[in-house]
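All remarks here apply to the structure that follows.
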Amino acid sequence: MKSLTVEEFRKLKDASGLCLELRNGDVLRKRRPKLSQWILQTGLSDRFKAAFGNRGRAGTEFPFRPHPEHQLRVADVAWVSRERLKRTLKGDLLGAPEIVVEVLSPSNRASEMLDKKHLCFEAG
């Protein structure tokens, strides 16, 4: 299968109810979070909002591009400073958010979590 760019990836349509991510040019389908995971995610997001106020934005299922061309990833929960958001509001967040939280679920593999950790640290 051909390695996709982010622009090509955005043109894909997926009617399966799964989330799509672009990893090293490959499209991966991920399950949407279950209610219990979503409650945990939104709770963490709310805590970031309370702790940091208007100095940035917190959210769930947060898209970011750790490497510009063949990566479009999603953080379960993330916080990004207002200054970075101002620079990227019209496009994608380049690099990793300042804070990234991944909520472990039975479908996560340890190697996948370790890879995402390294990817985020490498991307700032």
Side-chain angles (χ1 to χ4, degrees):
M1 180 177 194
K2 176 188 170 219
S3 182
L4 297 178
T5 65
V6 170
E7 288 72 27
E8 293 168 328
F9 172 76
R10 288 197 186 279
K11 293 176 185 174
L12 295 177
K13 297 199 183 331
D14 186 49
S16 67
L18 298 175
C19 300
L20 298 178
E21 274 193 352
L22 185 63
R23 295 186 191 176
N24 301 318
D26 296 326
V27 177
L28 278 99
R29 289 168 173 76
K30 296 176 52 176
R31 295 197 189 300
R32 295 198 186 280
K34 292 181 179 179
L35 180 60
S36 58
Q37 182 176 353
W38 178 83
I39 289 170
L40 182 57
Q41 288 175 320
T42 55
L44 288 168
S45 177
D46 291 346
R47 287 181 185 226
F48 288 146
K49 290 173 188 174
F52 295 115
N54 66 357
R55 292 181 286 179
R57 296 296 301 262
T60 62
E61 300 300 310
F62 198 101
F64 67 99
R65 289 172 68 175
H67 300 292
E69 221 26 60
H70 299 284
Q71 295 271 351
L72 182 59
R73 305 295 289 270
V74 177
D76 288 345
V77 182
W79 182 84
V80 180
S81 66
R82 185 172 37 180
E83 293 77 25
R84 283 191 66 206
L85 284 174
K86 285 180 186 176
R87 293 192 307 261
T88 61
L89 207 48
K90 292 184 174 140
D92 295 311
L93 180 70
L94 297 179
E98 282 92 329
I99 300 174
V100 173
V101 177
E102 288 299 308
V103 178
L104 290 176
S105 68
S107 64
N108 292 127
R109 293 185 325 265
S111 61
E112 176 186 1
M113 294 293 99
L114 190 58
D115 287 345
K116 195 160 195 179
K117 173 185 163 184
H118 289 285
L119 179 70
C120 288
F121 277 113
E122 290 169 7

query: Rounded to the nearest 0.5 Å, how far does CD of Glu7 lie from CG of Leu22?
result: 10.0 Å
message: Could you report the tightest heavy-atom contact between Gly25 and Ser3, atom names first, then the distance?
response: CA-OG, 3.4 Å
field: Distance-minimising heavy-atom pair for Arg84 and Ala96
entry: NH1-O, 2.8 Å
message: Would you say Leu44 ends up clustered with Ile99 if hydrophobic residues are merged whenever their side chains have heavy atoms under 4.5 Å apart, either directly or through other cluster members?
response: yes
Between CD on residue Gln37 and OG1 on residue Thr42, distance to nearest 0.5 Å: 10.5 Å
- request: For residues Arg73 and Cys120, determine if any side-chain heavy atom of one lies less than 4.5 Å from a side-chain heavy atom of the other.
  value: no
field: Main-chain N/O of Val103 paired with Asp76 side-chain donor or acceptor, under 3.5 Å
entry: yes
statement: From the list Val77, Leu93, Val101, side-chain contact (heavy atoms from CB on, under 4.5 Å) with Phe62 holds only for Leu93
- request: Find out if a path of hydrophobic residues (ILVMFWY) with successive side-chain heavy-atom gaps under 4.5 Å connects Leu40 to Trp38.
  value: no
message: Quick one: does any side-chain atom of Ser45 pair with a main-chain N or O of Gln41 as donor and acceptor, under 3.5 Å?
response: no
task: Identify the residue among Gln71, Glu69, His70 that makes a side-chain hydrogen bond (donor to acceptor under 3.5 Å, both in side chains) with Asn24.
output: Gln71
field: Listed partners of Phe64 passing ring-ring contact (aromatic ring centres under 6.0 Å, His included), at least two apart
entry: none
statement: Between the CZ atom in Arg65 and the CG atom in Asp92, the distance rounded to the nearest 0.5 Å is 5.0 Å
Donor-acceptor contacts, no H, no angles, side chain residues 47-56, under 3.5 Å, sequence neighbours left out:
from, atom 1, to, atom 2, distance (Å)
Arg55, NE, Phe52, O, 3.1
Arg55, NH2, Ala51, O, 3.2

Show me, pair by pair, the donor-acceptor contacts under 3.5 angstrom made by side chains of residues 110-119, not counting sequence neighbours?
from, atom 1, to, atom 2, distance (Å)
Glu112, OE2, Arg23, NH2, 3.3
Lys116, NZ, Val74, O, 2.4
Lys116, NZ, Glu102, OE2, 3.1

